[in-house]
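First comes the structure, then the notes that go with it.
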2 protein chains.
Amino acid sequence: MLAPVQEARRPPETRHVRAAPPTCHSLLGALDLTGAVMPFDRNAEIYGENEPADYVYKVISGAVRSYKVLHDGRRQIDAFYLPGDVFGLELGDEHTCSAEAITETTVLVVRRTHVLDAAERRSEVARNLWSLTARDLRRAQHHTLLLIKSAQERVAAFLLEMSERLAAGTAFELPMSRQDIADYLGLTIETVSRTLSQLEGAAAISLPASRRIVLRDRSALDRLND
Amino acid sequence: MLAPVQEARRPPETRHVRAAPPTCHSLLGALDLTGAVMPFDRNAEIYGENEPADYVYKVISGAVRSYKVLHDGRRQIDAFYLPGDVFGLELGDEHTCSAEAITETTVLVVRRTHVLDAAERRSEVARNLWSLTARDLRRAQHHTLLLIKSAQERVAAFLLEMSERLAAGTAFELPMSRQDIADYLGLTIETVSRTLSQLEGAAAISLPASRRIVLRDRSALDRLND
DNA sequence: CGACCATTTGATATGGATCAAGCGATGTGG
DNA sequence: CCACATCGCTTGATCCATATCAAATGGTCG
């Protein structure tokens with residue numbers, strides 16, 4: 001239930017570079033991105049809750065978890081961010097969640113003020129900012145819906161979500177641990193593990209390795225997913 | 001667990017009027033609001049999930065619930081909207097939730113295109129749109145955090161939220177039923193009712209009527225709320 | 001007054017949490 | 001290269017918070 005120990009937390013001041021060519025279909029693509037590419041170790045904190053939100057981030061490679069911790073140590077993971085995802089964008093001046101790299105991760109870091117200034121001048125940039133937040137809102141609502149479902153339904157929904165976001169074909173490699181999945185789904189590791197075993201037993205998936213998922217019967221998962 | 005029967009659903013075409021003087025500190029206040037004031041009966045549908053999102057709404061009086069229903073009838077209430085709150089604003093062209101009046105309710109209805117056009121021309125309007133969505137996102141994240149807590153903690157958090165949003169002093173009247181509260185908190189009516197009784201027994205609140213709440217020991221509730 | 005609906009309260013059932021081993025992969029030092 | 005510690009995961013046994021089922025109570029409106 002406890003978050004992993006934090007490793008080095010560095011302010012985003014590493015090698016300042018001209019950003020890699022922005023992909024134009026991406027949501028931050030409309031911005032003229034000048035930022036730093038930063039690497040983070042496994043479990044390294046990218047920012048903490050209530051810290052000043054001076055930067056906006058985009059995952060280049062790896063995976064990020066965004067979470068909150070209650071006084072007694074319970075951790076709720078609000079979102080996983082995967083390559084291409086933008087995160088850390090806030091309306092206010094402080095981050096509302098903490099963010100950590102799940103695996104070795106590189107992110108593109110852009111000053112928030114650059115983005116806000118651009119939005120003031122160009123309406124399509126403003127619309128992109130709105131769009132990013134609206135997408136997060138939809139994901140959050142979807143996530144809320146998850147949390148009223150049974151363990152089987154939650155795990156099935158999680159697998160389908162991950163399959164859409166990182167599957168090439170029918171199989172994929174999970175970047176996150178069982179504990180991360182549990183804290184995302186509001187379950188314990190034991191229940192996540194048991195449920196995956198059940199799904200394997202029911203021939204809905206197979207688990208050639210603990211983090212490797214093969215979808216064997218997607219319609220069975222779909223049936224569990226509303 | 002079932003949503004109440006829907007009553008008449010009318011498209012927003014009633015008495016078209018110049019909007020009442022917009023309150024300037026309000027988030028839609030920056031817009032030059034021209035819209036219709038529309039009344040809705042108790043339990044009347046304002047819009048349904050997947051319907052075209054042609055209008056944006058602002059509660060003038062009454063209360064609104066925004067919810068999703070799963071195939072098997074489980075209902076998740078995403079948000080309650082109270083006087084002053086704006087709702088129904090979507091980035092896409094369709095509503096992602098249904099909305100119903102909880103009590104007799106009047107709302108101000110504004111064409112979405114008016115708002116979007118204004119946002120394209122004026123950056124402070126664009127920022128207001130973003131701000132509205134960001135506020136919803138924060139509430140959604142707060143709500144997600146609720147759903148991993150115990151029944152007592154959920155109910156305490158709910159009471160504190162409602163107290164902030166509609167209390168004059170230390171007491172307030174809930175507009176919504178126990179079923180609505182249950183579907184918001186991911187509990188059953190029985191658990192909600194029992195938990196309220198417990199809190200009354202513990203002298204944290206008193207319940208002079210089933211929908212009237214008096215906060216008797218706010219710090220006791222705060223202690224339950226992270 | 002009587003019907004209806006919302007709410008409370010009581011008795012029992014159950015899904016997932018908790019407690020407790022065991023297991024397999026990975027890495028480290030001898 | 002192997003013994004052994006560590007870590008992430010799985011599996012088993014038991015417990016408990018909340019759901020479910022059932023009934024009583026109370027408030028509202030005709």
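Here is how names work: the chains are called A, B, and so on, in the same order as the sequence lines, proteins then strands, and each is numbered from 1. All heavy atoms count here, side chains included; hydrogens, waters and symmetry mates do not. Being a predicted model, the structure only gives us computed values, none of them experimental.
Between the side chain of A:Ser193 and the backbone N or O of A:Ile189 there is no donor-acceptor pair closer than 3.5 Å.
A:Thr144 is linked by a side-chain contact (heavy atoms from CB on, under 4.5 Å) to B:Gln76, B:Asp78, B:His143, B:Thr144, B:Leu147, counting only residues two or more places apart in sequence or in another chain. Residues satisfying the side-chain contact (heavy atoms from CB on, under 4.5 Å) criterion with A:Asn225, sequence neighbours excluded, are A:Lys149, A:Ala157, A:Leu160. A search for ring pair (Phe, Tyr, Trp, His ring centres under 6.0 Å) contacts involving A:Phe87 returns A:Tyr57, A:Tyr81, not counting sequence neighbours. For A:Thr133, the side chain to side chain donor-acceptor pair (under 3.5 Å) criterion is met by B:Trp130, not counting sequence neighbours. Shown here are the salt bridge (Lys or Arg N to Asp or Glu O under 4.0 Å) partners of A:Arg194, two or more places apart in sequence or in another chain: there are none. Annotation: side chain to side chain donor-acceptor pair (under 3.5 Å) contacts of A:Thr170 (sequence neighbours excluded): none. For A:Thr191, the side-chain contact (heavy atoms from CB on, under 4.5 Å) test picks out A:Ala151, A:Leu187, A:Thr188, A:Thr195, with sequence neighbours left out. Partners of A:Leu207 according to the side-chain contact (heavy atoms from CB on, under 4.5 Å) rule, which considers only residues two or more places apart in sequence or in another chain, are A:Arg178, A:Leu196, A:Glu200, A:Ile205, A:Ile213.
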In residues 214-223 of chain B, what donor-acceptor pairs under 3.5 Å come from side-chain atoms, sequence neighbours left out?
unit_1   : atom_1 : unit_2   : atom_2 : d
B:Asp217 : OD1    : B:Ser219 : N      : 3.4
B:Asp217 : OD1    : B:Ser219 : OG     : 2.8
B:Asp217 : OD1    : B:Ala220 : N      : 3.2
B:Arg218 : NH2    : B:Ser163 : OG     : 3.1
B:Ser219 : OG     : B:Arg223 : NH2    : 3.3

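Proximity of A:Thr191 to the phosphate of C:dG16: no side-chain N or O atom is located under 4.0 Å from OP1 or OP2. OP1 or OP2 of D:dA19 has at least one side-chain nitrogen or oxygen of B:Thr188 nearer than 4.0 Å.
Near DNA chain D, defined here as any heavy-atom distance below 4.0 Å, the residues from residues 194-213 of chain B are B:Arg194, listed numerically.
Whole-Å rounding puts the A:Ile148 CD1 to D:dA19 C1' distance at 14 Å. Computed from coordinates, the A:Ile102 CD1 to D:dG8 P distance equals 14 Å when rounded to whole Å. Rounding to whole angstrom units, CD of residue B:Gln152 and P of D:dC16 are separated by 17 Å. Atom C1' of nucleotide D:dG8 and atom CD of A:Gln179 are separated by 10 Å, given to the nearest angstrom. Following rounding to the nearest Å, A:Leu187 (CG) and C:dT18 (C1') show an atom-to-atom distance of 14 Å. At whole-Å resolution of the value, CG in A:Leu147 and C1' in D:dT18 are 16 Å apart. Distance CD1 (B:Ile189) to C1' (D:dA23): 13 Å, rounded to an integer number of Å. Counting to the nearest Å, the P atom of D:dG8 and the CG atom of A:Asp183 are 13 Å from each other.
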Report all interatomic pairs (protein N or O, nucleotide N or O of nucleotides 20-24 of chain C) with separations under 3.5 Å.
none

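At the heavy-atom level, A:Ser193 lies under 4.0 Å from base atoms of the strands shown.
Between the side chains of A:Glu94 and A:Tyr47, no donor N or O sits under 3.5 Å from an acceptor N or O. With no hydrogens or angles considered, no side-chain donor-acceptor pair links B:Glu49 and B:Tyr67 at under 3.5 Å.
Closest contact between the side chain of B:Arg178 and the listed nucleotides D:dC9, C:dT8, D:dT18 involves C:dT8.
Rounded to 10°, the helix from C:dC1-D:dG30 to C:dG30-D:dC1 has 30° between the axis fitted to its first five pairs and the one fitted to its last five.
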